[in-house]
> 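Structure in structure tokens, see below.
Because the structure is a prediction, the values reported are computed rather than measured. Reckoned from all heavy atoms, side chains included, excluding hydrogens, waters and symmetry mates. Order of the sequence lines fixes the chain letters, A, B, ..., with proteins taken first and strands second; residue numbering starts at 1 for each chain.
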Amino acid sequence: MMFMTKKLAAQVASVAVGASLASVLIVPAFPTVASAEAGCNDGGDVGYRSIGRGNTWTDYHDSWRYYAKITDSGSPSTKFSYLSVADSDSNSLYFQYFSDDAGMYNNGNHFDRVADRAKIGNQGSSTHTYIWKRSCTK
Amino acid sequence: MIRATSDGRPLMAIKVLIGVAVVGILALGSSVAATALLQPEGSDDSTTSSMRQCLEDLGVKTEDSKDGQSWGVPSAANENVEPQIARCEAEYRAMVGQNDAEKANFDKYTRDLQACLSERDIAADPVWDGPEGELSVGWKFHGISVEDKRVEVAMGECSREASSH
């Protein structure tokens, strides 16, 4: 059985408080790799975006898989929208057209490819709104 | 029948009539040409200025996807196609125009979409977080998850409604 003097107890308490303070001060100064990956540890992200005709929207994230589909299937010219992904390391690039086809609408369009950049382009004749998702590959 | 007289007045009248007709034909012709140039594709199956046709016209090789429902620009068959892609995007953008009227149309679509969502008890704000000059907004939702299926359904219905205005 260990007996602790008042002085020793004070020293232990001091060290404990110091360690606690240090952890509070040190932890935020050294973020984990995951948190530095802009949400890469949370499984993914999803959002909606409206894009005018002749315009594009680009998302830049390292090592993500992308998925997108048009929300307003049945509107004019939806098949002239596209999703492209590019991996700068391998210089690969791939396009996929959106479609009004029911199967395509239900399944959406996605890329099982690691990409550094995804772009939704609207080459149609009116503004469209798209839902996009990205999932981390790390 | 118009007869020419020594003072030349009927002849002048004929010249004026011909001049008016020529001006009218020229005006009609330029109007038709402008309509053809500015008419964006979309509701028909025309692919004359689709991205794929445009890229192929510039020598970019494309291929159908395995399921035949999309197409791609395979990296193995192409090198550095970014300039061609940018050109095709720019050509279409130039055709439809990126001016104050286009911006006004986009703003109206955004307002109508937001109002439509509100009528369905979905509070959302457009967020202009894209590059300067790009007609693109993200949507921020309040009191409902972005992944709620009701959001996707409402977005589809409201976008179609906003597009039709």
> Given a strict heavy-atom distance threshold of 4.5 Å, which part of A:T58 is in contact with chain B: side chain, backbone, both, or neither?
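For A:T58, neither part sits under 4.5 Å from chain B.
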> Write out, in numerical order, the residues from residues 115-140 of chain B with a heavy atom short of 4.5 Å from a heavy atom in chain A.
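When heavy atoms of chain A are the reference, residues 115-140 of chain B contributes B:D129, B:G133, B:E134, B:L135, B:S136, B:V137, B:G138, B:W139 within the under-4.5 Å range.
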> Can you tell me how far apart OG (B:S163) and CZ (B:R160) are? Round to the nearest 0.5 Å.
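B:S163 atom OG to B:R160 atom CZ measures 9.5 Å (nearest 0.5 Å).
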> Check each atom of A:D87 against the heavy atoms of chain B and say whether the ones under 4.5 Å are side chain, backbone, both or neither.
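Neither; nothing under 4.5 Å.
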> If you round to the nearest 0.5 Å, how far is OH of A:Y66 from CZ of A:R117?
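With rounding to 0.5 Å, CZ (A:R117) is 10.0 Å from OH (A:Y66).
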> Against chain A, label B:E102 side chain, backbone, both or neither, depending on which of its atoms sit under 4.5 Å from a heavy atom there.
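For B:E102, the contact with chain A is made by the side chain alone.
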> Please flag which part of B:C88 lies under 4.5 Å from any non-hydrogen atom of chain A: side chain, backbone, both or neither.
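Backbone of B:C88 only, per the 4.5 Å heavy-atom cut-off to chain A.
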> Under a 4.5 Å heavy-atom cut-off, does chain B meet the side chain of A:I131, its backbone, both or neither?
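For A:I131, side-chain heavy atoms alone lie under 4.5 Å from chain B.
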> What part of A:Y130 gets within 4.5 angstrom of chain B, counting heavy atoms only: side chain, backbone, both, or neither?
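For A:Y130, no heavy atom lies under 4.5 Å from chain B.
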> Does the plane of the ring in A:H61 sit parallel, tilted or perpendicular to the ring in A:W64? Use 30° and 60° as the thresholds.
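Ring orientation, 0 to 90° scale: perpendicular.
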> Look at the rings of B:F141 and A:Y48 and say which category their plane angle falls in: under 30° parallel, 30 to 60° tilted, over 60° perpendicular.
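B:F141 and A:Y48: perpendicular rings.
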> If you count heavy-atom pairs under 4.5 Å between each of A:G52, A:S84, A:S126, A:G47 and chain B, which one has the most?
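Most pairs with chain B among the choices: A:G52.
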> Side chains of A:D45 and A:K133, heavy atoms from C-beta outward: is any pair under 4.5 Å?
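Sidechains of A:K133 and A:D45: no contact.
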> What I'd like to find out is whether the side chain of A:T127 reaches to under 4.5 Å of the side chain of B:N105, using heavy atoms alone.
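The answer is no, as the side chains (C-beta and beyond) never meet within the 4.5 Å cut-off.
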> Side chains of B:Q98 and A:N55: is there a donor and an acceptor less than 3.5 Å apart?
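A donor-acceptor contact under 3.5 Å links the two side chains.
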> If the threshold is 4.0 Å, N to carboxylate O, is there a salt bridge linking B:D112 and B:K108?
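So B:D112 pairs with B:K108 through a salt bridge.
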> Checking A:T71 side chain against A:T129 main chain: does a donor-acceptor pair fall under 3.5 Å?
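Here the side-chain-to-backbone pair exists.
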> Do the side chains of B:I85 and A:K119 get nearer than 4.5 Å, heavy atoms only?
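When only atoms from C-beta onward are counted, B:I85 and A:K119 do touch, with a gap below 4.5 Å.
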> Under 4.5 Å heavy-atom distance to chain A, tell me which part of B:E82 shows up: side chain, backbone, both or neither.
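The side chain, not the backbone.
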> Checking B:V153 against chain A: side chain, backbone, both or neither under 4.5 Å from a heavy atom?
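Neither; nothing under 4.5 Å.
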